[in-house]
Amino acid sequence: MSDLSRRDALKLLGLMAAAPTFSVACSSEEVQRAREQQSQSAPTQPEPQDYDRRLFTDHEHETVCVLVDWVIPADDRSGSATDAGVPAFIDFILTDEALPDRDEQQAAFRGGLAWVDYTCLDRHDAPFIECTEAQQQALLDDIAWPEAAGPTMRPGVEFFNSLRDLTASGFFSSEMGMEDLQYQGNQFVAEWTGCPDRVIQHIGLDAT
């Protein structure tokens with residue numbers, strides 16, 4: 001077990017006990033507000049290097065970075081969730097004054113991070129970020145599929161569902177995510193000529 005793990009193991013258990021559920025939710029308005037705040041602070045950087053974290057410790061932030069990149073890794077189409085600024089997005093969402101039940105939602109998310117670490121400590125005598133990729137994937141496979149998860153994995157399932165939703169919200173509301181979707185926004189149409197024939201044929205309607 002690392003020095004960090006020895007020092008923080010009991011603290012992690014305390015966070016777990018403080019959160020009755022590890023489910024976190026945010027509204028579309030909160031997503032928009034988070035993106036506007038980030039664009040004002042550093043419009044040219046997806047993950048501002050000088051972003052002042054409001055909630056996460058260094059260890060928690062590093063864990064979030066690894067987790068969100070498991071959800072959306074970099075590929076030949078776009079960068080990863082961390083490249084798109086998702087960790088800063090999540091930190092902002094969870095500290096937004098307009099977030100309902102903010103203290104409870106913060107405890108839920110941090111408790112979920114604690115659950116991930118403690119489960120890895122139990123399995124591998126190391127926190128999540130110090131585990132091998134195979135060990136990390138094995139744990140995520142146990143919590144990524146709710147129907148297949150065992151009873152002892154339920155807290156992790158709730159947390160991972162929330163993490164996955166926040167990651168998708170953060171990534172696909174970012175400039176990188178918009179480019180990944182090839183979203184072009186509203187397009188001016190000079191003349192409406194009706195539904196294209198190929199679309200009518202695709203949905204099985206008679207053009208006449």
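Both backbone and side-chain heavy atoms feed into the values below; hydrogens, waters and symmetry mates do not. The chain is numbered in sequence order, starting from 1.
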From CD1 (I203) to CD (Q201), nearest 0.5 Å: 10.5 Å
Exercise: identify the closest heavy-atom pair between A74 and D83: CB-OD2, 4.4 Å
Pair V68-F89, side-chain contact (heavy atoms from CB on, under 4.5 Å): steps then yes or no: CA-CA 11 Å; V68 300; F89 169 88; over 6 Å; no
Do you know the tightest heavy-atom contact between C195 and I200? O-CD1, 3.6 Å
By salt bridge (charged side-chain N to carboxylate O under 4.0 Å, His left out), which residues pair with D58, not counting sequence neighbours? R53
How long is the span from the NE2 atom in H61 to the CD1 atom in I129, to the nearest 0.5 Å? 11.0 Å
Do C120 and Q135 have side-chain heavy atoms sitting under 4.5 Å apart? no
When rounded to the nearest 0.5 angstrom, what distance separates CD in E62 from CG in L67? 11.0 Å
What do the steps show when you test S78 against F171 for side-chain contact (heavy atoms from CB on, under 4.5 Å), and what is the final call? CA-CA 11 Å; S78 66; F171 183 84; 3.6 Å; yes
Does a side chain donor of either D122 or T119 reach within less than 3.5 Å of an acceptor in the other side chain? no
Pairs of donor and acceptor atoms involving the side chains of residues 145-153, under 3.5 Å and at least two apart or interchain, shall be tabulated with distances.
none

Output yes when a side-chain donor or acceptor of Q105 lies under 3.5 Å from a complementary backbone atom of L94, and no otherwise. no
Taking all atoms of both residues into account, what is the closest heavy-atom pair of G170 and V86, and its distance? C-CG2, 3.9 Å
Ignoring hydrogens, what is the shortest heavy-atom contact between D69 and A81? Give both atom names and the distance. OD1-N, 3.3 Å
Measuring from H59:NE2 to F128:CZ, what's the distance to the nearest 0.5 Å? 10.5 Å
With a 3.5 Å distance limit and no angle check, can you tell me whether E60 reaches the backbone of T57 through a side-chain donor-acceptor pair? yes
Is the ring pair F56/F109 parallel, tilted or perpendicular, if the boundaries are 30 and 60 degrees? tilted
Enter the distance from C131:SG to D117:CG here, rounded to the nearest 0.5 Å. 8.5 Å
Stepwise side-chain contact (heavy atoms from CB on, under 4.5 Å) test for I72 and F172: CA-CA 10 Å; I72 302 181; F172 289 110; 4.2 Å; yes
Indicate the atoms forming the closest heavy-atom contact of D91 with L55, along with that distance. OD1-N, 3.1 Å
Please round to the nearest 0.5 Å and tell me the distance separating atom CD of Q137 and atom CG of D142. 10.5 Å
Would you find a donor on one side and an acceptor on the other, under 3.5 Å apart, between the side chain of R102 and the backbone of T95? yes
Shortest non-hydrogen contact from R123 to L139? NH1-CA, 3.6 Å
